[in-house]
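Down below is the structure, laid out as structure tokens.
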Amino acid sequence: MSSGTESSQDQQLFKTKVIQGRYIVHPRGTRNLEIHEVYAHNPAGVPGEFNKGSFSKIKDLMGDYHKGGLNALYLLGVFENDKVFEDEVKKKKMSKKKGFNPLAVTSRNTVNSLLGGAGEFKKVVKTAKEKKIRVVVDALSRISSSHPNRKYRKLLLNHIDDEGKMCTSYGGEGRSDQYEDTIYLNYRKKTAWDLTI
């Protein structure tokens with residue numbers, strides 16, 4: 001480019017500063033969303049066994065969300081995970097793990113059966129569409145470290161520790177200090193990406 005013939009676009013380029021940090025790119029049309037985060041295992045936000053969540057309860061709350069001016073719900077805990085519930089009809093334990101992390105997903109393409117399964121989740125989405133409310137679910141980069149689906153076993157990310165031993169790479173982010181609840185997949189393998197979508 002010759003001096004004196006610089007376009008205004010070129011001049012603007014030289015005036016800008018390099019932005020550092022994290023970039024969050026929002027798809028077109030998302031700036032006008034009023035998003036409400038709903039923890040699927042406890043949609044009312046009130047602690048206690050009586051307040052266990054379900055997709056049916058979320059569907060029943062959809063009218064309240066709509067009246068409150070919300071037009072998008074971010075549902076956390078939609079996928080099958082390590083949650084421990086007691087089946088009140090059969091009095092049978094559904095999982096061996098005590099406590100749980102909603103980010104500890106056992107399978108990314110299976111809707112949480114303890115909340116009502118795929119059929120009940122479809123009813124949530126249908127009701128949301130009727131109310132013109134978008135439903136957003138997690139696209140997690142990690143899975144459960146204690147109960148991952150067997151399709152992930154050969155895709156787990158490992159590293160060599162300071163002593164030269166191969167170790168599993170546990171999740172580096174999560175809720176409070178429960179990082180070991182999740183594990184990363186090896187995204188250098190195309191299969192790991194295929195299982196994310």
Notebook entry, point to check: What pairs of residues pass the salt bridge (charged side-chain N to carboxylate O under 4.0 Å, His left out) test when at least one of them lies in residues 149-159, not counting sequence neighbours?
Noted result: none

Nearest 0.5 Å, what's the [atom1]-[atom2] distance between [X] and [Y]?
X: Cys167; Y: Ile160; atom1: SG; atom2: CD1; result: 7.5 Å
X: Arg108; Y: Leu185; atom1: CZ; atom2: CG; result: 5.0 Å
X: Ile35; Y: Asn71; atom1: CD1; atom2: CG; result: 8.0 Å
X: Glu34; Y: Ile133; atom1: CD; atom2: CD1; result: 12.0 Å
X: Ser56; Y: Leu61; atom1: OG; atom2: CG; result: 9.5 Å
X: Asn81; Y: Leu114; atom1: CG; atom2: CG; result: 7.5 Å

Who pairs with [X] by ring pair (Phe, Tyr, Trp, His ring centres under 6.0 Å), at least two apart in sequence or on another chain?
X: His66; result: none
X: Phe55; result: Phe121
X: Tyr74; result: none

Check: Which residues pass the side chain to side chain contact (heavy atoms under 4.5 Å, CB included) test with Asn186, sequence neighbours left out?
Finding: Leu157, Arg188, Lys189

Margin query: Could you work out, with side-chain hydrogen bond (donor to acceptor under 3.5 Å, both in side chains) as the rule, every residue matching Thr110, not counting sequence neighbours?
Written below: Ser107

Check: For Lys165, what residues pass the salt bridge (charged side-chain N to carboxylate O under 4.0 Å, His left out) criterion, not counting sequence neighbours?
Finding: Glu163

Item checked: Lys67: partners by salt bridge (charged side-chain N to carboxylate O under 4.0 Å, His left out), with sequence neighbours left out -> none

Of all heavy-atom pairs between [X] and [Y], which one has the smallest distance, and what is that distance?
X: Thr106; Y: Ser144; answer: CG2-CB, 4.1 Å
X: His41; Y: Gly77; answer: NE2-O, 3.8 Å
X: Pro43; Y: Tyr65; answer: O-OH, 4.1 Å
X: Gly53; Y: Leu115; answer: O-CD2, 3.4 Å

Check: Judged by atom type as modelled, is there a donor-acceptor pair below 3.5 Å linking the side chain of Ser145 to the main-chain atoms of Asp181?
Finding: yes

Check: Does Ile143 offer a backbone N or O that forms a donor-acceptor pair with the side chain of Asn149 under 3.5 Å?
Finding: no

Note to self: Test: ring-ring contact (aromatic ring centres under 6.0 Å, His included). Region: residues 148-168. Which pairs qualify, not counting sequence neighbours?
What the structure shows: none

Checklist line | Side chains of Glu80 and Asn112 in contact at under 4.5 Å (non-hydrogen atoms) | finding: yes

Next item on the list: Output every pair passing side chain to side chain donor-acceptor pair (under 3.5 Å) with a member in residues 122-136, not counting sequence neighbours, ordered by first then second residue.
Entry: Glu120-Lys123

Note to self: Please evaluate residues Leu195 and Leu155 with respect to the criterion side-chain contact (heavy atoms from CB on, under 4.5 Å), reporting the C-alpha separation (whole Å), side-chain torsions for both, the decisive distance (0.1 Å), and the verdict.
What the structure shows: CA-CA 10 Å; Leu195 290 173; Leu155 298 171; 3.4 Å; yes

